[in-house]
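To start, the structure under review is shown below, and the notes come after it.
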Amino acid sequence: NMGNVLLYTLGEAELKSDAKVVLDKIGSLFATSDGYVVVEGYTDDIPVKTERFPSNWELSSARASSVVRYLSDQGVDASRFKVIGHGPFDPLVPNNSEENRARNRRVKLTLKPMLEGR
C-alpha cells in the first residue's frame, strides 16, 4: 500500500514528485516481470464533492488511474493493468482520527499471475 501522504495532496489525484521516485522503482520491477497489475484506489470516509470528483468513487478511481498512467509512461505495458476504485469502503483502520483517515487514503498495487480468461 502506498499512502496518501506520499502520493497525493488531500482531495486530489495528481501524483507528488516523491511518489514518482517510488513508482520508478516499482515500475522497473513490473516491466521485467510477468503477470498483470491490479491497482486499487481508496479514500477515507470524508465526502468529497467537487466538479472533478463528485464523490469518493471518482477520486479513488482517479488516484489508481494516475498510478497506471505514470507506470505505463515508464514502459510497463498498459494492457497489463486493472484499475479498481473502492471509494471509502474497505478501510484499513476505523476512520475515527486524522491519522487513521490518512492511512485509509491509499493505493494498493498487486502483481498477479497471468491466467487465461483473466
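Both backbone and side-chain heavy atoms feed into the values below; hydrogens, waters and symmetry mates do not. Everything quoted here is computed from the prediction, not taken from an experiment.
Side chain of T43 to main chain of S60: no donor-acceptor pair is present (N/O by atom type, distance under 3.5 Å, no hydrogens or angles). A donor-acceptor pair under 3.5 Å is formed between the side chain of R80 and the backbone N or O of G35. N95 contributes no side-chain N or O that, together with a main-chain N or O of N100, makes up a donor-acceptor pair within less than 3.5 Å.
Among residues at least two apart or in separate chains, there is no salt bridge (charged side-chain N to carboxylate O under 4.0 Å, His left out) pair with a member in residues 64-79. Within the structure, every pair that satisfies the salt bridge (charged side-chain N to carboxylate O under 4.0 Å, His left out) test and touches residues 87-100, not counting sequence neighbours, is listed here: E98-R105. For residues 82-103, the ring-ring contact (aromatic ring centres under 6.0 Å, His included) pairs, not counting sequence neighbours, are Y42-H86, W57-F89.
Counting heavy atoms from C-beta outward, E40 and R106 have side chains that stay 4.5 Å or more apart. Here the side chains of I84 and V38 are in contact, with some heavy-atom distance below 4.5 Å. Side chains of F30 and L109 form a contact here, defined as non-hydrogen atoms less than 4.5 Å apart.
Chaining together hydrophobic side chains whose heavy atoms lie under 4.5 Å apart places V48 alongside F53, L59. In this structure, V21 stands alone, with no Ile, Leu, Val, Met, Phe, Trp or Tyr side-chain heavy atom under 4.5 Å from its own, directly or through other members.
The shortest non-hydrogen separation linking V107 to A64 is CG2-N, 4.4 Å.
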Test side chain to side chain contact (heavy atoms under 4.5 Å, CB included) on E12 and R63; report intermediate values, then the result. CA-CA 8 Å; E12 294 296 328; R63 286 179 170 171; 5.6 Å; no

Assess the residue pair M114 and D34 against the criterion (side chain to side chain contact (heavy atoms under 4.5 Å, CB included)); give the C-alpha distance rounded to whole Å, side-chain angles, the decisive distance to 0.1 Å, and a yes or no. CA-CA 7 Å; M114 196 67 76; D34 293 326; 5.9 Å; no

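Taking OG of S66 as the reference point, atom NZ of K16 lies at 12.5 Å (rounded to 0.5 Å). Once rounded to the nearest 0.5 Å, the distance linking CG of N56 with CG of D44 reads 6.5 Å. Here the CG-OH distance, from L23 to Y70, works out to 7.0 Å after rounding to the nearest 0.5 Å. Expressed to the nearest 0.5 Å, how far CG of L29 lies from CG of D24 amounts to 11.5 Å.
A continuous path of hydrophobic side-chain contacts links V22 to F81 [ILVMFWY only; heavy atoms under 4.5 Å].
D45 is linked by a salt bridge (Lys or Arg N to Asp or Glu O under 4.0 Å) to R101, counting only residues two or more places apart in sequence or in another chain.
Using a 3.5 Å distance cut-off with no hydrogens or angles, the side chains of E58 and S61 do not pair a donor with an acceptor.
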